[in-house]
Amino acid sequence: MSQAHLFIIAAASGAGKTTLVKALLNKDRDLQASVSHTTRKPRPGEIDGVDYHFVDEATFIDLKKKGEFLESAECHGGMYGTSKKSVQSILDQKKDVILEIDWQGAQALKAQFKEAVSIFVLPPSVETLAERLNNRGHDSEETIAMRLAAAREEMSHVDEFDYVTINDDFEVALHDLMAIIRSTRLMCHIQLTRHSHLIKNLT
Ligand SMILES: Nc1nc2c(ncn2[C@@H]2O[C@H](COP(=O)(O)OP(=O)(O)O)[C@@H](O)[C@H]2O)c(=O)[nH]1
Ligand SMILES: Nc1ncnc2c1ncn2[C@@H]1O[C@H](COP(=O)(O)OP(=O)(O)O)[C@@H](O)[C@H]1O
């Protein structure tokens with residue numbers, strides 16, 4: 001791979017971004033997800049260091065003070081952050097990075113990495129979003145209500161993203177994401193080829 005790419009995925013809670021990213025990672029060995037830090041408690045089945053680095057508030061604040069995060073934000077009453085280390089370790093493996101972060105994180109990373117490609121995943125409807133949050137079966141009623149209340153705010157930032165896909169039929173949304181990633185890589189390859197051609201003509 002000639003140049004690493006940064007892909008940002010955001011969506012309201014329950015839209016399906018984690019499930020989509022997991023499916024993407026299974027299909028694309030050149031892609032790796034950055035593991036964020038969070039103060040939220042693990043859900044059943046979530047593994048520390050795999051799904052998130054689960055830390056307490058004091059540790060999170062300390063890491064933030066030490067400048068360990070590329071970006072961090074408060075969301076649904078918890079703190080979330082992308083560490084420089086988590087992104088660097090992927091770049092060291094010469095892989096593309098995918099970050100599952102909220103709109104605040106997306107804004108912050110876009111400001112630092114202009115070439116980053118951002119994708120927003122919309123649910124087919126707010127009713128479906130509520131259904132999916134309930135069916136996920138991991139959150140309390142209170143947590144679900146908080147996430148639904150935040151959904152409109154998250155979705156109001158959809159215009160700030162480079163691409164949008166609607167996660168109605170899962171396979172269609174997955175193919176949209178794969179197409180975006182493939183075309184980003186191809187575009188870069190075409191540019192590099194064009195440049196090397198120019199350079200050859202000059203010498
Ligand atoms: N800014 C930022 N947001 C993050 C990060 N990690 C996760 N998030 C976002 O925090 C929100 C809550 O994530 P989570 O608690 O896993 O709930 P979910 O959205 O219901 O799966 C989601 O919008 C995530 O994309 C991060 O490192 N930085
Ligand atoms: N296209 C889809 N159709 C039906 N259910 C879906 C679809 N995509 C995801 N889900 C389900 O919706 C729930 C929420 O998905 P999840 O990936 O946890 O969302 P998010 O990470 O955006 O909060 C999960 O139970 C998941 O299996």
Side-chain angles (χ1 to χ4, degrees), residues 6-26 33-55 60 63-64 68-87 90 97-112 116 118-140 142-158 160-161 165-177:
L6 242 65
F7 296 100
I8 298 168
I9 305 248
S13 183
K17 58 192 174 307
T18 305
T19 317
L20 282 167
V21 168
K22 282 198 172 146
L24 255 182
L25 294 173
N26 269 332
S34 164
V35 179
S36 294
H37 282 68
T38 186
T39 60
R40 123 158 128 63
K41 298 279 167 279
R43 293 179 185 138
E46 282 185 330
I47 301 167
D48 187 28
V50 175
D51 297 287
Y52 278 108
H53 297 289
F54 294 100
V55 292
F60 193 99
L63 288 169
K64 193 173 165 169
E68 298 276 340
F69 292 126
L70 279 175
E71 63 75 34
S72 67
E74 280 193 45
C75 197
H76 315 312
M79 295 175 195
Y80 296 81
T82 306
S83 73
K84 292 175 184 167
K85 271 187 199 152
S86 75
V87 172
I90 301 172
V97 185
I98 189 156
L99 301 121
E100 219 189 289
I101 55 180
D102 80 330
W103 67 269
Q104 304 171 82
Q107 272 188 358
L109 285 190
K110 270 287 208 176
Q112 295 174 71
S118 61
I119 309 160
F120 200 90
V121 179
L122 280 174
S125 67
V126 176
E127 291 73 27
T128 309
L129 193 67
E131 245 172 59
R132 286 186 188 166
L133 278 173
N134 280 304
N135 292 344
R136 186 161 71 184
H138 292 325
D139 301 308
S140 66
E142 192 192 358
T143 302
I144 291 176
M146 194 204 292
R147 276 155 195 273
L148 277 175
R152 281 183 203 280
E153 163 72 355
E154 183 80 36
M155 290 192 286
S156 73
H157 292 273
V158 61
E160 296 164 18
F161 286 74
T165 179
I166 298 178
N167 181 22
D168 189 358
D169 180 318
F170 187 82
E171 289 305 318
V172 172
L174 181 59
H175 277 92
D176 283 354
L177 296 182

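For the numbers below, each heavy atom of this structure counts, side chains included, while hydrogens, waters and symmetry mates do not. Both counts, for ligands and for their atoms, begin at 1 and track the order of listing. What you see is a predicted model, and the numbers here were worked out from it, not measured in a lab. Positions are given from 1, in the same order as the sequence printed here.
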* Asked: Heavy-atom distance under 4.5 Å between the side chains of F120 and E160, does that happen here?
  -> no
* Any atoms of ligand 1 less than 4.0 Å from a non-hydrogen atom of A73? List them with their elements. => 1 (N)
* Any idea which protein heavy atom is nearest atom 28 (N) of ligand 1, and the distance to it? -> E71 OE2, 2.7 Å
* Asked: Atoms of ligand 1 less than 4.0 Å from R40 heavy atoms?
  -> 14 (P), 15 (O), 16 (O)
* For ligand 2, is there an atom lying under 4.0 Å from some heavy atom of N135? -> no
* Asked: Between A12 and ligand 2, which part of the residue brings a heavy atom under 4.0 Å of the ligand: side chain, backbone, both or neither?
  -> backbone
* To do: Return yes or no for this condition: an N or O of G16 is under 3.5 Å from an N or O of ligand 2.
  => yes
* **Non-hydrogen atom of Q104 closer than 4.0 Å to ligand 1** => no
* For side chain to side chain contact (heavy atoms under 4.5 Å, CB included), just list the numbers for S13 and L133, CA-CA rounded to whole Å, side-chain angles, deciding distance to a tenth of an Å, and then say yes or no. => CA-CA 8 Å; S13 183; L133 278 173; 3.5 Å; yes
* Quick one: nearest non-hydrogen protein atom to atom 11 (C) of ligand 1, plus distance? -> C75 SG, 3.6 Å
* Asked: For ligand 2, which atoms have a heavy atom of F170 less than 4.0 angstrom away?
  -> 1 (N), 8 (N)
* Structure fact -> Restricting to heavy atoms, the pick from K17, R132, K22 nearest atom 20 (P) of ligand 2 would be K17
* **Matching residue for I101 among I9, I8, L70 - test: side-chain contact (heavy atoms from CB on, under 4.5 Å)** => I8
* Asked: Is there side-chain contact between R43 and D139, with at least one heavy-atom pair below 4.5 Å?
  -> yes
* Which heavy atom of the protein is the closest neighbour of atom 9 (C) of ligand 1, given with residue, atom name and distance? -> D102 N, 3.7 Å
* To do: Record the part of E100 in heavy-atom contact with ligand 1 below 4.0 Å; permitted values are side chain, backbone, both and neither.
  => backbone
* To do: Examine L20 against ligand 2 and note whether any of their N/O atoms are separated by less than 3.5 Å.
  => no
* **Between T82 and E71: side-chain donor-acceptor atoms closer than 3.5 Å** => yes
* Which residue supplies the protein heavy atom nearest to atom 22 (C) of ligand 1, what is that atom called, and how far is it? -> K17 CE, 3.8 Å
* Structure fact -> Note: ligand 2 atoms sitting under 4.0 Å from heavy atoms of S13 are 23 (O)
* **atom 20 (O) of ligand 1 [closest protein heavy-atom partner, distance rounded to 0.1 Å]** => S13 OG, 2.5 Å
* What's the shortest distance from atom 17 (O) of ligand 1 to any protein heavy atom, and which residue and atom give it? -> R147 NH1, 2.7 Å
* Under 4.0 Å from a heavy atom of G105: give me the atoms of ligand 1 that qualify, with their elements. => 1 (N)
* Against heavy atoms of D168, which atoms of ligand 2 measure under 4.0 Å? -> 1 (N), 2 (C), 3 (N)
* Starting from atom 13 (O) of ligand 1, which protein heavy atom do you reach first, and at what distance in Å? -> Y52 OH, 3.3 Å
* To do: Could you tell me whether some N/O pair between D169 and ligand 2 is separated by less than 3.5 angstrom?
  => no
* Do F54 and T38 have side chains that get closer than 4.5 Å, going by heavy atoms? -> yes
* To do: Identify the protein heavy atom lying closest to atom 27 (O) of ligand 1, giving its residue, its atom name and the separation to 0.1 Å.
  => S36 OG, 2.7 Å
* Compute the minimum heavy-atom distance from R43 to ligand 1 and say whether it is under 4.0 Å. => yes
